[in-house]
Amino acid sequence: MKRISIVFGTRPEAIKMAPVIQQLRKVEEFEVSVCFTGQHKEMVLPLIDFFDLKIDSMLDVMQPNQSLATLTSTLVRELDSYVASFKPDIVLVQGDTTTAFCAALVSFYRKIKVGHIEAGLRTHTIDSPFPEEFNRQVIGKVTAFHFVPTNVAKRNLLDEGVPSESIYLTGNTVIDALQFAVKKIDTNSDSYKVEFDWLKADTKMVLITGHRRENFGVGFENICKAISTLAQNNPDCLFVYPVHLNPNVQEPVNRILNGLQNIKLIPPADYISFTQLMEKSFFILTDSGGVQEEAPSLNKPILVMRESTERMEVVDAGAAVLVGTDPVRIVNYAQKLINDDKFYKSMANVANPYGNGKAAEEIASILLKNL
Ligand code: UD1
Ligand code: UDP
C-alpha cells in the first residue's frame, strides 16, 4: 500500500486537485491523505462541499492580508508536522502557490518524493507572476514526477535539464474539473442552475477577474480605469466582476468601480456559479491562470491583463490576447471584440490546448505503475 499525500490551500489548487483526489481515492493500492492548509478560507470551503473532498488534515493558516514571509513560515511549520505524522511515500502539490512551494520544501527536507501537477509553466521572468514564477521553478528542482499540461511545458523542463523519464504529459486537470461542473449544470439543471436575476438574456455581459500581486498599485488602478471607460462607452453592456477577497484588490476595485450603473461588483462566485457566468459571458477580461485555461472550452475569447503569461499556448492558439495593464490597450481590444464580429469569431472558436478532461485519470495510472 503506497501512502499518497495531497496538499492544497487556495481556490485554483482546490479546483485542479479535486479531480486528482477523486481518481486516487478509487485506487485500492493507495492510502490517500488530503491536507487543506487553509491559505484561503471562504473561497475554498464551498469547493470542498461541491467536489465532496474529504479533508484528513485541516490547517488554519490564513490571516487577513498577511505577508508572504509570515504565510511561508507558518506553512513550513504546520506542513512539516503534517508530513511527519502521515509519513507519505509521495506528496502531490499543484501549481505555484505558497502552499505548493512550502509542501514541496518540507518534503525535500524530509526526503519524501514530490509529484508536481501543472509542472513546467514558465515566463522565465522571476518576478512575473510574483511570487509564482519563483515558486514553480523551485518546486521543479525537487520534483520526482513532473505532470505537465502541454508539450510547451515539457520543453521548458527539458531545457532546464530535467530527465525526460520523469516528465509525464497529462493535460491540465482544470479541464477535468470544468467538465465535471458543466455536466452537473447540464444534467441537474434544477439543483445547480443559478438564477442571475440582474442579468437579462439579451445583455452582452463582460466577465472580469483580477488578483495578481504584480498588478497591485498602478496596475490595478489602470485595469479599473479601463473597465470604467469601457462601461461608460458601452452602456448596453454589463461588466460583472466577482471581486477577489485580497484587500489589495478590494480597495481599488471598490473605490474606482463601485456605483457605476452598468458595472456589477459581486463577491467571489462559487465554482458552479462562476462556470455559469463564464458560459453566459460575451468575453472575459482576466489575469487569472485557471480562467485562461478554461475559457476556450466554453468558446469565450480572453483578454489577459498581464505583462507576461506562462500560458502562451492559449495566446498562440488565438483564443487570448495578452493586453497587459495599459488602459488604452485593454479598451481598444475590448472594443474590437464588442464591435468586430469577425475578430470575435476568430477568437471564440479555438480548440483548447490544455487537455481533454482525462488528466487526473492519467496521473492516477502513472502513479500506480511507477510509484
Ligand atoms: C493566492 C496565490 C496565487 C493564486 C491566488 C488564487 C500565493 C502567494 N498566491 O493569491 O498564486 O493565483 O491565491 O486566488 O500563494 N483572503 C480572504 N479569504 C479567502 C482568500 C483570501 O480573506 O478565502 C484574503 C486574506 O486577507 C488573505 C489575502 O486575501 O491574507 C491574500 O491571500 P493569499 O493566499 O496570501 O494570496 P492571494 O492574493 O489570494
Ligand atoms: N473562479 C471561481 N470563482 C470566481 C473566480 C474564479 O470559481 O469568482 C475559478 C475559475 O473558474 C478558475 C479558478 O477559480 O478555475 C482560478 O482561480 P484564481 O483566478 O483565483 O487563481 P489563478 O488561476 O490565477 O491562480
Side-chain angles (χ1 to χ4, degrees), residues 8-19 36-48 50-51 60-72 74-75 93-103 118 121 127-136 139 172-182 194 207-216 220 240-251 265-279 281 284-295 297-298 300 302 304-306 309-311 354:
F8 70 90
T10 65
R11 172 169 70 188
E13 292 167 273
I15 292 168
K16 290 169 170 179
M17 277 301 205
F36 168 48
T37 64
Q39 181 178 335
H40 284 176
K41 257 184 199 163
E42 303 89 322
M43 284 165 53
V44 164
L45 294 175
L47 293 164
I48 292 174
F50 174 64
F51 288 106
D60 185 19
V61 306
M62 200 197 87
Q63 292 297 326
N65 207 15
Q66 68 187 322
S67 70
L68 288 173
T70 307
L71 175 62
T72 301
T74 313
L75 278 166
V93 303
Q94 198 289 328
D96 50 25
T97 66
T98 302
T99 286
F101 161 62
C102 293
E118 197 181 274
L121 276 62
D127 57 357
S128 177
F130 175 85
E132 291 84 2
E133 178 71 9
F134 168 84
N135 288 347
R136 58 170 91 104
I139 295 168
N172 197 309
T173 58
V174 78
I175 308 296
D176 311 27
L178 183 67
Q179 288 181 2
F180 179 83
V182 167
V194 182
L207 184 60
I208 302 160
T209 80
H211 69 276
R212 301 239 80 86
R213 270 165 210 261
E214 66 276 12
N215 287 344
F216 289 173
F220 258 95
V240 178
Y241 189 164
V243 188
H244 194 286
L245 293 181
N246 193 318
N248 301 288
V249 178
Q250 289 276 333
E251 191 282 319
L265 304 180
I266 59 174
D270 61 69
Y271 194 48
I272 207 81
S273 304
F274 190 73
T275 301
Q276 286 169 78
L277 284 172
M278 286 196 285
E279 288 180 326
S281 71
I284 304 174
L285 274 171
T286 190
D287 66 12
S288 158
V291 176
Q292 288 176 67
E293 294 154 345
E294 291 164 332
S297 290
L298 304 171
K300 302 300 173 185
I302 323 143
V304 183
M305 301 185 293
R306 300 170 53 172
T309 178
E310 58 290 299
R311 287 157 171 106
Y354 292 108

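Indexing begins at 1, ligand by ligand and atom by atom, following the structure's order. Quick note: numbers below take in every heavy atom, side chains included, and nothing from hydrogens, waters or symmetry partners. FYI, the numbering just counts along the sequence from 1. These figures come from a predicted structure and were not determined experimentally.
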Q: Please confirm whether the backbone N or O of Val291 pairs with a side-chain atom of Ser288, one donor and one acceptor, at under 3.5 Å?
A: yes
Q: Is there a donor-acceptor pair under 3.5 Å between the side chain of Asn215 and the backbone N or O of Phe220?
A: no
Q: For Glu251, which residues count as a salt bridge (Lys or Arg N to Asp or Glu O under 4.0 Å) partner, sequence neighbours excluded?
A: Arg255
Q: Out of Thr209, Leu298, Val182, Thr286, which residue meets the side-chain contact (heavy atoms from CB on, under 4.5 Å) rule with Met278?
A: Leu298
Q: Does the ring centre of Phe180 sit less than 6.0 Å away from the ring centre of Phe50?
A: yes
Q: Taking atom CZ of Phe51 as the centre, report whether more than 12 heavy atoms of other residues, nucleotides or ligands fall under 6.0 Å from it.
A: yes
Q: Test of understanding: with side chain to side chain contact (heavy atoms under 4.5 Å, CB included), list the residues that count as partners of Thr98, not counting sequence neighbours.
A: Gln39, Leu68, Leu71, Thr72, Leu75, Cys102, Asn135
Q: Using a 4.0 Å cut-off on heavy atoms, what residues surround ligand 2? Order them by chain and number.
A: Arg11, Pro12, Ile15, His211, Arg212, Pro242, Pro268, Ala269, Tyr271, Phe274, Met278, Ser288, Gly289, Gly290, Val291, Glu294
Q: Is Arg136 paired with Glu133 through a side-chain N to carboxylate O contact shorter than 4.0 Å?
A: yes
Q: Does Glu132 come within less than 4.0 Å of Arg212, counting only side-chain N to carboxylate O?
A: yes
Q: For ligand 1, which of its N or O atoms have a protein N or O partner closer than 3.5 Å, and how long is each gap?
A:
unit_1, atom_1, unit_2, atom_2, d
ligand 1, 11 (O), Glu132, OE2, 2.5
ligand 1, 12 (O), His211, NE2, 2.9
ligand 1, 12 (O), Arg212, NH2, 3.0
ligand 1, 13 (O), His40, NE2, 3.2
ligand 1, 14 (O), His244, NE2, 3.0
ligand 1, 15 (O), Gln39, NE2, 2.9
ligand 1, 15 (O), Thr98, N, 2.8
ligand 1, 15 (O), Thr98, OG1, 3.4
ligand 1, 18 (N), Glu42, OE1, 2.8
ligand 1, 23 (O), Lys41, N, 2.9
ligand 1, 23 (O), Glu42, N, 3.1
ligand 1, 23 (O), Glu42, OE1, 3.2
ligand 1, 23 (O), Met43, N, 3.0
ligand 1, 26 (O), Asn65, N, 2.8
ligand 1, 30 (O), Gln63, O, 2.8
ligand 1, 30 (O), Asn65, N, 2.8
ligand 1, 34 (O), Gln39, NE2, 2.9
ligand 1, 34 (O), His40, NE2, 3.2
ligand 1, 35 (O), Arg213, NH2, 2.8
ligand 1, 36 (O), Arg213, NH2, 2.8
ligand 1, 38 (O), Asn246, ND2, 2.8
ligand 1, 39 (O), His40, NE2, 2.6
ligand 1, 39 (O), His244, NE2, 3.3

